[in-house]
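Working notes for the structure below.
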Amino acid sequence: MYCNICLSSANFFIVVDMWSVGCIFAELLGRKIFLPGQTGFDQLNLIIQKLGTPTPDEIAMVPSTKARQYLQRLPHYPRHPLSARFPNASSQAVDLLEQLLQFEPTKRITVDAALCHPFFAPLIVKAQPEQLSNYPSFDFAFDHRLKTLTELRTAMLEEVRIY
């Protein structure tokens, strides 16, 4: 499920995790594997085909010389809006996905920004005052005075009876 977009970087950043979140989100939206590549370069081909050829500036940000050279040799693929690939997804879902699947890691949405994205607004629960129960609170005082198994069973049955 992990999408190999670090392109031979020795470092593993949170933005790579956000790319992976984007791949998983795309799979949830599309109900199928989004980037089923078998190797890193196979997967890179799929990324380019599905998301379009990165700009020269984006390619320049790739840490691996070998991966940069490979990208420059690939045929040009136009960028297609993700809304065409995911026609049943809401505009907010597509917007979030586009921000997650930015080729250049520094342009990807952060975890905090993603959680504040309008796509998640219906899931945010406004803080409300805690509702106090009408039931008496549980009393743990018996824990110090019960010495036998029979006393413990009797105390437990009494608590069950109360509640």
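Positions are given from 1 along the sequence.
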Working for side chain to side chain contact (heavy atoms under 4.5 Å, CB included), residues F120 and L96:
CA-CA 10 Å; F120 292 112; L96 177 59; 3.6 Å; yes
For [X], enumerate each residue passing the side-chain hydrogen bond (donor to acceptor under 3.5 Å, both in side chains) test, keeping only those at least two apart in sequence or located in another chain.
{"X": "T150", "answer": "none"}
{"X": "H117", "answer": "D95"}
{"X": "N45", "answer": "Y70"}
{"X": "E104", "answer": "T106"}

Taking all non-hydrogen atoms of both residues into account, name the closest pair between [X] and [Y] and its distance.
{"X": "A93", "Y": "F25", "value": "O-CE2, 3.4 Å"}
{"X": "G37", "Y": "L46", "value": "N-CD1, 3.3 Å"}
{"X": "L35", "Y": "Q43", "value": "O-NE2, 3.1 Å"}
{"X": "V94", "Y": "S83", "value": "CG1-N, 3.7 Å"}
{"X": "I59", "Y": "P54", "value": "CD1-O, 3.8 Å"}

Please, which pairs that meet side-chain hydrogen bond (donor to acceptor under 3.5 Å, both in side chains) have at least one residue in residues 84-94, sequence neighbours excluded?
none
Just to verify, what does A113 make a side chain to side chain contact (heavy atoms under 4.5 Å, CB included) with, not counting sequence neighbours?
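A113: side chain to side chain contact (heavy atoms under 4.5 Å, CB included) contacts with I109, T110.
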Checking [X] now: which residues fulfil salt bridge (charged side-chain N to carboxylate O under 4.0 Å, His left out) with it, not counting sequence neighbours?
{"X": "E151", "answer": "none"}
{"X": "R79", "answer": "E58"}
{"X": "R161", "answer": "E158"}

Return each pair, listed once, that meets salt bridge (Lys or Arg N to Asp or Glu O under 4.0 Å) where at least one residue sits in residues 29-56; pairs must be two or more places apart or across chains.
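Pairs touching residues 29-56 that pass the test: none.
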Within residues 63-78 or reaching into it, pairs that qualify as salt bridge (Lys or Arg N to Asp or Glu O under 4.0 Å) - sequence neighbours excluded:
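Not a single pair qualifies under salt bridge (Lys or Arg N to Asp or Glu O under 4.0 Å).
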Quick one: [atom1] on [X] to [atom2] on [Y], what's the gap to the nearest 0.5 Å?
{"X": "L97", "Y": "F86", "atom1": "CG", "atom2": "CZ", "value": "5.5 Å"}
{"X": "T53", "Y": "Q72", "atom1": "OG1", "atom2": "CD", "value": "11.5 Å"}
{"X": "L100", "Y": "I24", "atom1": "CG", "atom2": "CD1", "value": "10.5 Å"}
{"X": "Q99", "Y": "K107", "atom1": "CD", "atom2": "NZ", "value": "13.0 Å"}
{"X": "F34", "Y": "E27", "atom1": "CZ", "atom2": "CD", "value": "8.5 Å"}

What verdict does the side chain to side chain contact (heavy atoms under 4.5 Å, CB included) test give for L51 and F103, after you've listed the backbone C-alpha separation in whole Å, the side-chain angles of each residue and the deciding distance to 0.1 Å?
CA-CA 9 Å; L51 302 177; F103 189 84; over 6 Å; no
Within 6.0 Å of CD1 in I33, more than 12 heavy atoms from elsewhere:
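Counting other residues, nucleotides and ligands, CD1 of I33 stays at 12 neighbours or fewer.
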Tell me whether I162 shares a hydrophobic cluster with L157, the cluster being built from Ile, Leu, Val, Met, Phe, Trp, Tyr side chains joined at under 4.5 Å.
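They do not share one cluster, since no chain of ILVMFWY contacts under 4.5 Å joins I162 to L157.
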Tell me whether M61 shares a hydrophobic cluster with M18, the cluster being built from Ile, Leu, Val, Met, Phe, Trp, Tyr side chains joined at under 4.5 Å.
no
May I ask you to test the L71-L44 pair for a side-chain heavy-atom distance under 4.5 Å?
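With C-beta onward as the side chain, the pair touches.
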CA sep, side-chain torsions, deciding dist, call: L101, W19, side chain to side chain contact (heavy atoms under 4.5 Å, CB included)
CA-CA 6 Å; L101 294 180; W19 174 270; 3.9 Å; yes
